[in-house]
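Have a look at the structure below, then the notes.
Only this structure's heavy atoms are used, side chains among them; waters, hydrogens and symmetry mates stay out. Chain identifiers are assigned alphabetically (A, B, ...) following the order of the sequence lines, protein sequences preceding nucleic acid strands; residue numbering begins at 1 within each chain.
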Number of protein chains: 2
Amino acid sequence: MNQEQKIFKEFLQKKGLKLTKPRQIILEEVFLTHKHFNVDQLYDQIKIKYSNVSRATIYRTMPLLIEASLIKNALRCEAKDHYEHIYGHERHLHLICNKCGTIIEAEISDMEQLLNQIAETKKFHIEDYNVGARGVCVNCLKDGTNSNE
Amino acid sequence: MNQEQKIFKEFLQKKGLKLTKPRQIILEEVFLTHKHFNVDQLYDQIKIKYSNVSRATIYRTMPLLIEASLIKNALRCEAKDHYEHIYGHERHLHLICNKCGTIIEAEISDMEQLLNQIAETKKFHIEDYNVGARGVCVNCLKDGTNSNE
DNA sequence: GGTGATACTGAGAATTAGTCGCAAAATAAA
DNA sequence: TTTATTTTGCGACTAATTCTCAGTATCACC
Ligand SMILES: [Mn+2]
Ligand SMILES: [Mn+2]
Ligand SMILES: [Zn+2]
Ligand SMILES: [Zn+2]
């Protein structure tokens, strides 16, 4: 059992959940490559090897993998959420081509000016960029009585 | 005719398009406040004042406003695209609460370490962040023969 | 002010990522 | 086993966005 599996299993146990066959398959497939992926791609890959793991189960497993800090919802491309590994990977930056959809990865260190330096390195012409940080706001830090979650 | 209208009209003319009534209404409504908005909110606001501008037309107008550099697709929240003004606004950063969905805006200057300083100022606990830059990649810079567009 | 070419529009159908309800199947403890 | 709890696949569902299409507005030219 590799590290990802250990982490996932431990995570699940803590929540009173089980590392079932479908979840194992999904986990394994997710960590088979280091590319970004969306649910559909994952589903197709899995379908080839192991007859059937339903889309619903994959959709249900993503939030678990995220909560376990193994992956994150990294970007949105072609109207689909795309995920990527966190475990074993540095945080990095995505340069997404508006025309062909190519996603170029780049190191982060300072940003802003670096954003342009990096772009130059990658011969990418930045037209726009977004920085989105997620977390918990003051109000939500206080009361556990939240609208969401 | 205010500046936004001038810009939009000029933009449209350059493309052989017209500044029609629905487009004027949408433009005006978009620039009435300086908050983020999604198509549904916009639609509701417009419906109150001017009987009917169809959702389809609003959806069709967003890309035009974006191409005219008046607005941008700034973030995704609650499964909806959210837009914000570009014209007359500094580029800034969004702190999105994972629990209540509150969006806090903050100035950009250097980022990364700043991201944390800012978060402290706003009493926001950052759990994750994404930096996504969009533009055109080398390949697409060369040939006009693109997969998309 | 007609007239034809072109661009626009609203309405609603279609598409599609993502979610949900449910009854059957797996799990694991007793 | 029995029993309580999860989990699953399936298919129905939801909701944002896109598309189709037939009717309208626009505008250059007569
Ligand atoms: Mn990446
Ligand atoms: Mn903003
Ligand atoms: Zn490209
Ligand atoms: Zn909050």
- Side chain of A:Leu17: nearest nucleotide among C:dA11, D:dT6, D:dG9? D:dT6
Output yes when at least one side-chain N/O atom of [X] is less than 4.0 Å from OP1 or OP2 of [N], else no.
{"X": "B:Arg60", "N": "D:dT20", "value": "no"}
{"X": "B:Arg55", "N": "D:dC19", "value": "no"}
{"X": "B:Tyr59", "N": "D:dT18", "value": "no"}

- Would you kindly compare A:Ile58 and B:Val39 by the position of their nearest DNA chain D nucleotide and give the one closer to the 5′ end? A:Ile58
- Any side-chain heavy atom of A:Ile66 within less than 4.5 Å of one from A:Ile71? yes
- Do the non-hydrogen side-chain atoms of A:Leu64 and A:Leu17 ever get within less than 4.5 Å of each other? yes
Euclidean distance, atom [atom1] of residue [X] to atom [atom2] of [N] [Å, nearest integer]:
{"X": "B:Met62", "N": "D:dA16", "atom1": "CE", "atom2": "P", "answer": "15 Å"}
{"X": "B:Tyr43", "N": "C:dG12", "atom1": "OH", "atom2": "P", "answer": "10 Å"}
{"X": "B:Asn73", "N": "D:dA16", "atom1": "CG", "atom2": "C1'", "answer": "13 Å"}
{"X": "B:Phe11", "N": "C:dA7", "atom1": "CZ", "atom2": "C1'", "answer": "15 Å"}
{"X": "B:Lys47", "N": "C:dA11", "atom1": "NZ", "atom2": "C1'", "answer": "13 Å"}
{"X": "B:Glu78", "N": "C:dT19", "atom1": "CD", "atom2": "P", "answer": "13 Å"}
{"X": "B:Asn52", "N": "C:dG12", "atom1": "CG", "atom2": "P", "answer": "11 Å"}
{"X": "A:Leu64", "N": "C:dT19", "atom1": "CG", "atom2": "P", "answer": "12 Å"}

Tell me which donor-acceptor pairs under 3.5 Å the side chains of residues 39-46 of chain B have, and how far apart each pair is, sequence neighbours excluded?
| residue | atom | partner | partner atom | Å |
| --- | --- | --- | --- | --- |
| B:Asp40 | OD1 | B:Arg55 | NE | 3.1 |
| B:Asp40 | OD1 | B:Arg55 | NH2 | 3.4 |
| B:Gln41 | OE1 | B:Asn38 | N | 3.1 |

- Using a cut-off of 4.0 Å on non-hydrogen atoms, how would the nucleic acid contact of A:Asn38 be classed: base, sugar-phosphate, or nothing? nothing
- Task: Scan for side chain to side chain donor-acceptor pair (under 3.5 Å) pairs involving residues 2-13 of chain A, sequence neighbours excluded, and state none if there are none.
- Result: none
- Pairs flagged by side chain to side chain donor-acceptor pair (under 3.5 Å) wherever residues 16-25 of chain B is involved - sequence neighbours left out: none
- So which of residues 128-135 of chain A are in contact with DNA chain D, with a heavy-atom cut-off of under 4.0 Å? none
- Message: Give the residues of residues 18-35 of chain B touching DNA chain D, defined as any heavy atom closer than 4.0 Å, sorted by residue number.
- Response: B:Lys18
- Residue pairs fulfilling ring-ring contact (aromatic ring centres under 6.0 Å, His included) with at least one residue in residues 47-84 of chain A, sequence neighbours excluded: A:Phe37-A:Tyr83
Enumerate donor-acceptor pairs with a distance under 3.5 Å from any side-chain N or O in residues 117-127 of chain B to protein atoms, sequence neighbours excluded.
| residue | atom | partner | partner atom | Å |
| --- | --- | --- | --- | --- |
| B:Thr121 | OG1 | B:Gln117 | O | 3.1 |
| B:Lys122 | NZ | B:Glu105 | O | 3.4 |
| B:Glu127 | OE1 | B:Asn98 | ND2 | 3.1 |

- Task: Hey, which sits more toward the 5' end of DNA chain C by its nearest nucleotide, A:Ala79 or B:Thr61?
- Result: B:Thr61
Pairs under 3.5 angstrom, nitrogen or oxygen only, protein versus nucleotides 13-15 of chain D, please.
none

Partners of [X] by ring pair (Phe, Tyr, Trp, His ring centres under 6.0 Å), sequence neighbours excluded?
{"X": "A:Phe11", "value": "none"}
{"X": "B:His85", "value": "B:Phe31, B:His34, B:His89"}
{"X": "A:Tyr129", "value": "none"}
{"X": "A:His94", "value": "A:His36, A:His92"}

- Message: Tell me which one of B:Leu95, B:Ile96, B:Asn130 satisfies side-chain contact (heavy atoms from CB on, under 4.5 Å) with A:Arg134.
- Response: B:Ile96
